[in-house]
Enquirer: 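First, the structure itself, so that you have it in front of you.
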Amino acid sequence: MEKARRGGDGAPRGPVLHIVVVGFHHKKGCQVEFSYPPLIPGDGHDSHTLPEEWKYLPFLALPDGAHNYQEDTVFFHLPPRNGNGATVFGISCYRQIEAKALKVRQADITRETVQKSVCVLSKLPLYGLLQAKLQLITHAYFEEKDFSQISILKELYEHMNSSLGGASLEGSQVYLGLSPRDLVLHFRHKVLILFKLILLEKKVLFYISPVNKLVGALMTVLSLFPGMIEHGLSDCSQYRPRKSMSEDGGLQESNPCADDFNSASTSDVSHTNLGTVRKVMAGNHGEDAAMKAEESLFQVEDSSKGQEPNDNNQYLKPPSHPSPDSSESDWETLDPSVLEDPNLKEREQLGSDQTNLFPKDSVPSESLPITVQPQANTGQVVLIPGLISGLEEDQYGMPLAIFTKGYLCLPYMALQQHHLLSDVTVRGFVAGATNILFRQQKHLSDAIVEVEEALIQIHDPELRKLLNPTTADLRFADYLVRHVTENRDDVFLDGTGWEGGDEWIRAQFAVYIHALLAATLQLDNEKILSDYGTTFVTAWKNTHNYRVWNSNKHPALAEINPNHPFQGQYSVSDMKLRFSHSVQNSERGKKIGNVMVTTSRNVVQTGKAVGQSVGGAFSSAKTAMSSWLSTFTTSTSQSLTEPPDGKP
């Protein structure tokens with residue numbers, strides 16, 4: 001059966017590469033306990049040896065603080081083996097069980113609980129679909145209460161490759177478990193800010209626990225970009241792990257991946273880890289750092305990946321040296337000698353010169369009007385390999401080449417990967433973390449997304465100003481929020497309806513990005529671009545993804561109306577919308593809003609008290625008056641009926 005699934009070179013034919021079990025050993029920490037097929041050809045299924053490129057696999061599959069949850073799910077990305085090929089997509093299902101419940105207890109199980117993860121390493125980004133299958137098998141594997149029973153894992157490998165062998169990346173199965181509807185309900189108007197942050201290729205860090213909430217929110221944001229999940233992540237994890245085992249050993253000692261945190265407080269752990277990581281990063285920035293800088297990740301890849309020859313790829317080398325205006329200039333962990341490398345300065349000059357070689361103006365297209373509400377796409381999408389991006393692109397040039405050439409997408413980052421945030425070969429990232437250490441080092445990111453509070457912390461005032469939504473953008477975001485919140489009863493089967501549903505929201509963002517791209521091609525387009533944000537568009541035009549997109553012609557955009565879908569005259573409703581947005585998003589606005597709520601509450605309570613007091617006094621006065629009137633009436637009637645002086 002296994003031979004039937006393999007080609008002549010021994011490589012698996014199906015999309016699933018390996019089934020892996022990762023466990024927590026009380027002395028060795030996180031380690032691979034089983035892999036099928038073996039991760040390294042020729043090793044046994046129970047080998048702990050890992051390929052150098054996948055050395056972080058155990059820490060990704062068994063996440064930080066896993067002991068706090070009975071079960072969890074992790075999405076993670078691994079770099080390709082030997083530097084060739086595409087991203088490897090990992091899905092891990094974690095569970096823990098009491099040791100006393102096991103039927104067969106190995107000698108090395110010395111703790112009260114056993115923690116393990118079952119992982120699927122796949123060539124296809126079918127996150128939700130693989131998760132659904134894997135959760136069932138993980139549950140059955142744990143119900144055996146005997147982890148030596150591995151036949152079910154081998155059957156899982158065969159079943160997945162047979163059922164997904166001809167799987168297409170077009171269709172709703174790609175988005176299974178990723179709900180833009182829930183994202184809009186939670187983040188509301190801020191969804192568009194997240195969208196624009198990633199368009200600008202900024203360093204964006206998502207933060208929340210447990211991991212399933214983290215990876216769900218992050219990947220749902222990416223699903224708003226047309227074609228991104230299906231075809232835009234093949235180059236998103238091109239990084240080189242640290243080679244010094246002593247460094248990882250130090251990290252592992254300070255941060256065991258499972259329940260060793262029980263004996264330390266959060267503040268103690270975070271301070272200990274912070275000091276350790278700083279020592280680790282400062283300890284190996286001599287020759288290794290210089291070599292990393294010279295072997296930049298922006299260099300041309302093999303032509304076997306479907307990319308254009310080297311003479312065209314020379315336009316795609318952004319400067320390796322970080323801009324002094326960015327937060328990268330504040331990196332505490334970089335060796336100053338790296339920043340002063342003359343070779344880096346040469347490349348920076350070369351990159352800035354080559355930026356001007358891209359065509360800036362194109363012939364304006366005669367646009368046809370489009371509706372704000374697009375119809376569902378039922379036709380077959382025609383994809384062609386992008387000559388420069390290397391990605392499978394549609395007629396509009398989607399997906400944008402955001403996650404290429406050193407811009408990483410890491411849905412979950414282990415602490416052992418912390419060095420990637422300050423790696424000179426990494427020009428940016430969209431990453432997720434549950435460890436507080438990542439959130440504390442704010443200088444290593446441009447924005448921190450607190451998923452639980454739906455809060456986006458942008459450190460640079462200029463970036464905040466640049467991302468401030470225009471009136472048309474606020475109308476667009478409000479349009480999404482209103483349809484999602486007001487039409488809940490009309491959407492059947494939990495968000496799978498059209499208007500206000502998941503596919504509808506993705507279609508709205510497709511309309512938005514297509515119109516934005518069409519607007520950038522127009523001559524004399526200042527007024528059109530002002531609806532999208534003139535400063536935002538100017539900054540976006542300097543990004544790698546826009547320059548790659550603009551280097552090709554996309555005739556299909558001639559049919560797209562370049563005007564903002566929600567352009568129009570300013571009205572009173574826009575004033576209300578702007579005020580509401582300001583109150584919800586600015587610190588001063590939040591304070592004003594809290595004061596208004598508190599004041600109104602106090603006024604209501606005071607009004608009730610005053611009303612009760614006034615009402616009570618009025619009732620008393622009314623009773624007294626009635627009593628006086630009745631007494632007066634009685635006395636008057638008596639005086640009228642009785643003769644004076646008592647005489648008849």
Enquirer: For the residue pair F89 and H77, does the interplanar ring angle fall in the parallel (under 30°), tilted (30 to 60°) or perpendicular (over 60°) class?
Expert: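 F89 vs H77 ring planes: perpendicular.
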
Enquirer: Is the shortest heavy-atom distance from the side chain of F206 to the side chain of L410 under 4.5 Å?
Expert: no

Enquirer: Under 6.0 Å between ring centres, would you say that holds for Y127 and F75?
Expert: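 For Y127 and F75, the ring centres are under 6.0 Å apart.
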
Enquirer: Report the C-alpha distance between S179 and D502 in whole Å, list the side-chain angles of each, state the deciding distance to 0.1 Å, and finish with yes or no for side-chain hydrogen bond (donor to acceptor under 3.5 Å, both in side chains).
Expert: CA-CA 6 Å; S179 175; D502 292 337; 3.2 Å; yes

Enquirer: Looking only at non-hydrogen atoms, find the nearest pair between L214 and A433 and report the distance.
Expert: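 Minimum heavy-atom separation between L214 and A433: CD2-N, 3.3 Å.
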
Enquirer: Parallel, tilted or perpendicular: which describes the rings of Y532 and H564, with under 30° parallel and over 60° perpendicular?
Expert: tilted

Enquirer: In plain terms, say whether E53 and R240 are close enough for a salt bridge, that is, a side-chain N and a carboxylate O under 4.0 Å apart.
Expert: no

Enquirer: Please report the interatomic distance OH(Y407) to CZ(R427), rounded to the nearest 0.5 Å.
Expert: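 Those atoms lie 8.0 Å apart.
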
Enquirer: Which atoms form the tightest heavy-atom contact between F24 and C30, and what is the distance?
Expert: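 Between these two residues, the closest heavy atoms are CD1-N, 4.0 Å.
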
Enquirer: Which residue in the set T87, I402, D235, L222 passes side chain to side chain contact (heavy atoms under 4.5 Å, CB included) when paired with C409?
Expert: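 When T87, I402, D235, L222 are each tested with C409, the side chain to side chain contact (heavy atoms under 4.5 Å, CB included) holds only for L222.
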
Enquirer: Is F76 close to P411 at the side-chain level, that is, under 4.5 Å between some pair of heavy atoms?
Expert: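 P411 vs F76: side chains apart.
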
Enquirer: Just verifying a value: how many Å separate L178 CG and R506 CZ, rounded to the nearest 0.5 Å?
Expert: 6.5 Å

Enquirer: Would you say the ring centers of F476 and Y512 fall short of 6.0 Å from each other?
Expert: yes

Enquirer: What residues, two or more places apart in sequence or in another chain, satisfy side chain to side chain donor-acceptor pair (under 3.5 Å) together with W540?
Expert: N545

Enquirer: Using a 4.5 Å cut-off on heavy atoms from C-beta on, say whether the side chain of L233 contacts that of M219.
Expert: yes

Enquirer: Find the distance between CG (L444) and NE2 (H419) and round it off to the nearest 0.5 Å.
Expert: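 So the gap between those two atoms works out to 12.5 Å.
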
Enquirer: Would you mind reporting whether I513 and L199 have side-chain heavy atoms less than 4.5 Å apart?
Expert: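 When only atoms from C-beta onward are counted, I513 and L199 do touch, with a gap below 4.5 Å.
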
Enquirer: Using a 4.5 Å cut-off on heavy atoms from C-beta on, say whether the side chain of L391 contacts that of S234.
Expert: yes

Enquirer: Under a 4.5 Å cut-off applied to non-hydrogen side-chain atoms, are V481 and H189 in contact?
Expert: yes

Enquirer: With a 6.0 Å cut-off on the ring centroids, do F225 and F509 count as close?
Expert: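 Judged by ring-centre distance (under 6.0 Å), F225 and F509 do not meet the cut-off.
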
Enquirer: Taking side chain to side chain donor-acceptor pair (under 3.5 Å) as the test, write out the residues that go with E71, two or more places apart.
Expert: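 Applying side chain to side chain donor-acceptor pair (under 3.5 Å) to E71 gives R95.
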
Enquirer: Apply salt bridge (Lys or Arg N to Asp or Glu O under 4.0 Å) to the pair R464 and D460, showing each step before the final yes or no.
Expert: CA-CA 6 Å; R464 281 201 300 270; D460 182 9; over 6 Å; no

Enquirer: Should the pair D473-K196 be classified as a salt bridge under the 4.0 Å nitrogen-to-oxygen rule?
Expert: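 Between K196 and D473 there is a salt bridge, with a charged N closer than 4.0 Å to a carboxylate O.
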
Enquirer: Roughly how far, to the nearest 0.5 Å, is CG of L205 from CG of L421?
Expert: 7.0 Å

Enquirer: Distance from E453 atom CD to F187 atom CZ, nearest 0.5 Å?
Expert: 9.5 Å

Enquirer: Kindly indicate whether the side chain of L60, heavy atoms from C-beta on, has any atom under 4.5 Å from the side chain of Q417.
Expert: yes

Enquirer: Calculate, to the nearest 0.5 Å, the distance between atoms CG and CZ belonging to L480 and R181 respectively.
Expert: 11.5 Å

Enquirer: Using the salt bridge (charged side-chain N to carboxylate O under 4.0 Å, His left out) criterion, which residues pair with K116? Sequence neighbours excluded.
Expert: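 Salt bridge (charged side-chain N to carboxylate O under 4.0 Å, His left out) check on K116 returns E33.
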
Enquirer: Evaluate the side-chain proximity of L121 to W54: yes if any heavy-atom separation is below 4.5 Å, no if none is.
Expert: yes

Enquirer: For the residue pair A515 and P565, what are the closest heavy atoms and their distance?
Expert: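 Heavy atoms of A515 and P565 come nearest at CB-CD, 4.4 Å.
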
